[in-house]
Participant: 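Submitted below is the structure of interest, expressed as structure tokens.
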Amino acid sequence: MIESETEVSEDLVRDLLREQHPDLADLPIREVAGGWGNQMWRLGDDLAVRVQRMDTSPDLQLKERRWLPLLAPRLPLPIPAPVRSGTPSERFPKMWTVMTWVEGTPLDQATIARGDHAADTLAAFLKALHVEAPADAPGASELGLHPKDSKDGFERFVEAVDLGDFGFAEGDIRALWDDAAATPEWPGPRVWVHGDLHPANVVVADGTLAGIVDFGALFAGDPAWDLGAAWLLLPEGGAARFFDSYAQVDEVTFRRARGLAAMKCLFLMLMGQNGDRGLPGGKPNWGPAGRSALDRVLTGL
């Protein structure tokens, strides 16, 4: 529930459209399952309404409004682009945005069958995204820090996950993390980074990657935060092909990427564990995704 305790319903979304964008108000509206910081409502065939939910600040949506229209035209996969702005009102005191709809099924509800194609597609997307960002691009927040500065987050996850239930030795995970934390800082330049690539933030179609969504964590900085997606998103063997195709990762960036990927796997496993226990915000299907990804991270596959 958002801070205002206003229930986000189909009727509310339609009322907001009638007030601020009446030409869109008669399009079919249906809720999209999932979402935490923001709730999504499909609007007609080609649009979606992204409604601020658990996010406590409008800054993430404002960032997407500012930068996604500039990034979208040069990226080789579809991403959501804002087309209309909704402003907070007495009816609903938080931010909402009408965006283009990215067709496909979220990977946490599907599988990749064409692993080589997906690896090449992900590499092409990240090579196109990871270009030098302008001076006024947003910097890193909690997502985007060097591993040595993300220790608290790692410790929180590794202590909260019942690793024995998943069949992992804590020492193996800590060794990867410590190795990443020992690497030098990214020397630059500051490149565009999605920052939060995991199975719920990409969509698939025809057995391969078809789009990238949720750019609320977008920042300019270290690309290692995205490179870990090679293990989180791709099936076994995909990481090796991805790094061959991406072809611009030095050894220390690879080590940072692998440690950060391990932390993100722990996050997925914790969300799955919370879902199994019926806790708010838990995602039962994220646990198996995190476990299989961590297997790949630890083996390097």
Side-chain angles (χ1 to χ4, degrees), residues 37-38 47-48 50 52 55-88 94-102 120-150 153 180 183-198 201-203 209 211-230 232-233 242-243 245-250 252-254 256-257 260-261 264:
N38 294 276
L47 300 173
R50 185 166 166 82
Q52 187 185 350
D55 286 346
T56 58
S57 167
D59 292 348
L60 302 186
Q61 285 206 29
L62 291 174
K63 179 168 56 176
E64 290 181 328
R65 291 182 188 179
R66 169 71 175 86
W67 295 108
L68 294 191
L70 301 178
L71 293 175
R74 63 174 183 78
L75 295 175
L77 284 175
I79 69 171
V83 295
R84 302 282 184 93
S85 297
T87 58
K94 289 198 171 188
M95 192 70 62
W96 57 280
T97 305
V98 181
M99 311 187 80
T100 55
W101 174 256
V102 179
D120 293 342
T121 299
L122 180 63
F125 177 84
L126 290 181
K127 286 171 70 173
L129 177 64
H130 292 167
V131 299
E132 187 168 359
D136 59 340
S141 57
E142 183 178 354
L143 295 178
L145 298 176
H146 189 279
K148 65 181 174 60
D149 299 315
S150 299
T183 63
E185 298 272 356
W186 168 249
R190 296 165 72 243
V191 300
W192 282 116
V193 180
H194 179 284
D196 197 22
L197 289 174
H198 61 72
N201 286 343
V202 303
V203 297
L209 291 177
I212 310 292
V213 299
D214 196 344
F215 282 75
L218 180 73
F219 68 90
D222 182 0
W225 273 86
D226 281 350
L227 298 176
L232 266 75
L233 304 181
F242 166 85
F243 283 108
S245 184
Y246 187 88
Q248 53 193 42
V249 181
D250 58 57
V252 293
T253 303
F254 179 89
R256 278 197 312 281
L260 290 166
K264 291 187 177 184

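All residue numbers in this chain count up from 1 along the given sequence. Hydrogens, waters and symmetry mates are skipped; everything else that's a heavy atom, side chains included, is used.
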Participant: Do the non-hydrogen side-chain atoms of P58 and K94 ever get within less than 4.5 Å of each other?
Facilitator: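 No, their side chains stay 4.5 Å or more apart.
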Participant: Taking L232's backbone N and O only, do any of them form a donor-acceptor pair with K264's side chain (distance below 3.5 Å, no angle check)?
Facilitator: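 Such a contact is absent between K264 side chain and L232 backbone.
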Participant: Would you find a donor on one side and an acceptor on the other, under 3.5 Å apart, between the side chain of Q61 and the backbone of R50?
Facilitator: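 The answer is yes, because a donor-acceptor pair under 3.5 Å joins these two groups.
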Participant: Quick one, W96 and P88 - any side-chain contact, counting heavy atoms below 4.5 Å?
Facilitator: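 Side-chain contact under 4.5 Å: no.
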Participant: Can you tell me how far apart CG (L218) and CG (D196) are? Round to the nearest 0.5 Å.
Facilitator: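 Reported to 0.5 Å precision, the distance equals 11.0 Å.
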Participant: Could you tell me whether the side chain of E132 and the main chain of P189 form a donor-acceptor pair under 3.5 Å?
Facilitator: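 A pair under 3.5 Å: no.
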Participant: So does P184 get a backbone contact from the side chain of H146, meaning a donor-acceptor N/O pair under 3.5 Å?
Facilitator: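 Indeed, once roles are kept as given, a pair shorter than 3.5 Å links the two residues.
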Participant: Does any part of the side chain of T183, heavy atoms only, come nearer than 4.5 Å to the side chain of F254, both counted from C-beta?
Facilitator: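 When only atoms from C-beta onward are counted, T183 and F254 do not touch, as no gap falls below 4.5 Å.
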Participant: At what distance, to the nearest 0.5 angstrom, does NE2 of H130 lie from CH2 of W225?
Facilitator: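 H130 atom NE2 to W225 atom CH2 measures 12.5 Å (nearest 0.5 Å).
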Participant: Among L77, L75, L129, whose side-chain contact (heavy atoms from CB on, under 4.5 Å) with I212 holds?
Facilitator: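 Considering L77, L75, L129, a side-chain contact (heavy atoms from CB on, under 4.5 Å) with I212 is found only for L77.
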Participant: Could you go step by step and tell me if T100 and V83 meet the side chain to side chain contact (heavy atoms under 4.5 Å, CB included) rule?
Facilitator: CA-CA 7 Å; T100 55; V83 295; 3.9 Å; yes
Participant: How would you list, by chain and number, every residue that makes a side chain to side chain contact (heavy atoms under 4.5 Å, CB included) with L70, sequence neighbours excluded?
Facilitator: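 Expected list: R66, W67.
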Participant: I need the minimum non-hydrogen distance between A217 and L143, along with the two atoms involved.
Facilitator: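 In this case the closest contact between A217 and L143 is CB-CD1, 3.6 Å.
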Participant: Taking G216's backbone N and O only, do any of them form a donor-acceptor pair with D214's side chain (distance below 3.5 Å, no angle check)?
Facilitator: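 Yes; at least one donor-acceptor contact below 3.5 Å.
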Participant: Going through the distances and angles, do F243 and L227 end up as a side chain to side chain contact (heavy atoms under 4.5 Å, CB included)?
Facilitator: CA-CA 9 Å; F243 283 108; L227 298 176; 4.2 Å; yes
Participant: Ignoring hydrogens and geometry, is there a side-chain-to-backbone donor-acceptor pair from K148 to E185 under 3.5 Å?
Facilitator: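 No, because the side chain of K148 does not come within donor-acceptor range (under 3.5 Å) of the backbone of E185.
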Participant: Could you check whether any side-chain heavy atom of V98 comes within less than 4.5 Å of a side-chain heavy atom of P82, counting everything from C-beta outward?
Facilitator: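 Answer no - side chains too far apart.
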Participant: Quick one: list whatever passes side chain to side chain contact (heavy atoms under 4.5 Å, CB included) with A224, sequence neighbours left out.
Facilitator: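 D222, T253, R256, A257, L260.
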Participant: Quick one: pull up CG in L233 and CZ in F242 and give me the separation to the nearest 0.5 Å.
Facilitator: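 Separation between the atoms: 9.0 Å.
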Participant: For E142, is the CD atom crowded, meaning more than 12 foreign heavy atoms sit under 6.0 Å from it?
Facilitator: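 For E142, atom CD is not crowded (no more than 12 foreign heavy atoms under 6.0 Å).
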Participant: The test is side chain to side chain contact (heavy atoms under 4.5 Å, CB included); show your working for L62 and M95 and say whether it passes.
Facilitator: CA-CA 9 Å; L62 291 174; M95 192 70 62; 4.0 Å; yes
Participant: List in chain and number order the residues that pass ring-ring contact (aromatic ring centres under 6.0 Å, His included) with F215, two or more places apart in sequence or in another chain; answer none if no residue qualifies.
Facilitator: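 Here the qualifying residues are H194.
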Participant: Please lay out, stage by stage, how E64 and M99 fare under the test side chain to side chain contact (heavy atoms under 4.5 Å, CB included).
Facilitator: CA-CA 10 Å; E64 290 181 328; M99 311 187 80; 4.1 Å; yes
Participant: Go through the structure and list residues passing side chain to side chain contact (heavy atoms under 4.5 Å, CB included) with A220, not counting sequence neighbours.
Facilitator: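 Listed in chain order: A133, A137, R190.
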Participant: Would you please say whether a donor-acceptor pair under 3.5 Å links the side chains of T97 and R65?
Facilitator: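 Yes, a side-chain donor-acceptor pair sits under 3.5 Å.
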Participant: Can you name the side-chain hydrogen bond (donor to acceptor under 3.5 Å, both in side chains) partners of S245, sequence neighbours left out?
Facilitator: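 With sequence neighbours excluded, S245 shows a side-chain hydrogen bond (donor to acceptor under 3.5 Å, both in side chains) to no residue whatsoever.
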Participant: Can you list everything that forms a side chain to side chain contact (heavy atoms under 4.5 Å, CB included) with Q248? Sequence neighbours excluded, please.
Facilitator: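 Q248 satisfies side chain to side chain contact (heavy atoms under 4.5 Å, CB included) with K127, Y246 once adjacent residues are dropped.
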Participant: Give a yes or no on whether the backbone of G195 and the side-chain of D226 come within a donor-acceptor separation of less than 3.5 Å.
Facilitator: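 Checked: pair present.
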Participant: Please round to the nearest 0.5 Å and tell me the distance separating atom CG of L126 and atom CH2 of W192.
Facilitator: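 If I round to the nearest 0.5 Å, the distance is 15.0 Å.
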Participant: How far apart are the closest heavy atoms of A48 and W101, and which atoms are they?
Facilitator: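 Reported closest heavy-atom pair: CB-CE3, 3.7 Å.
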Participant: Does V191 reach the side chain of V131, with side-chain heavy atoms less than 4.5 Å apart?
Facilitator: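 Answer no - side chains too far apart.
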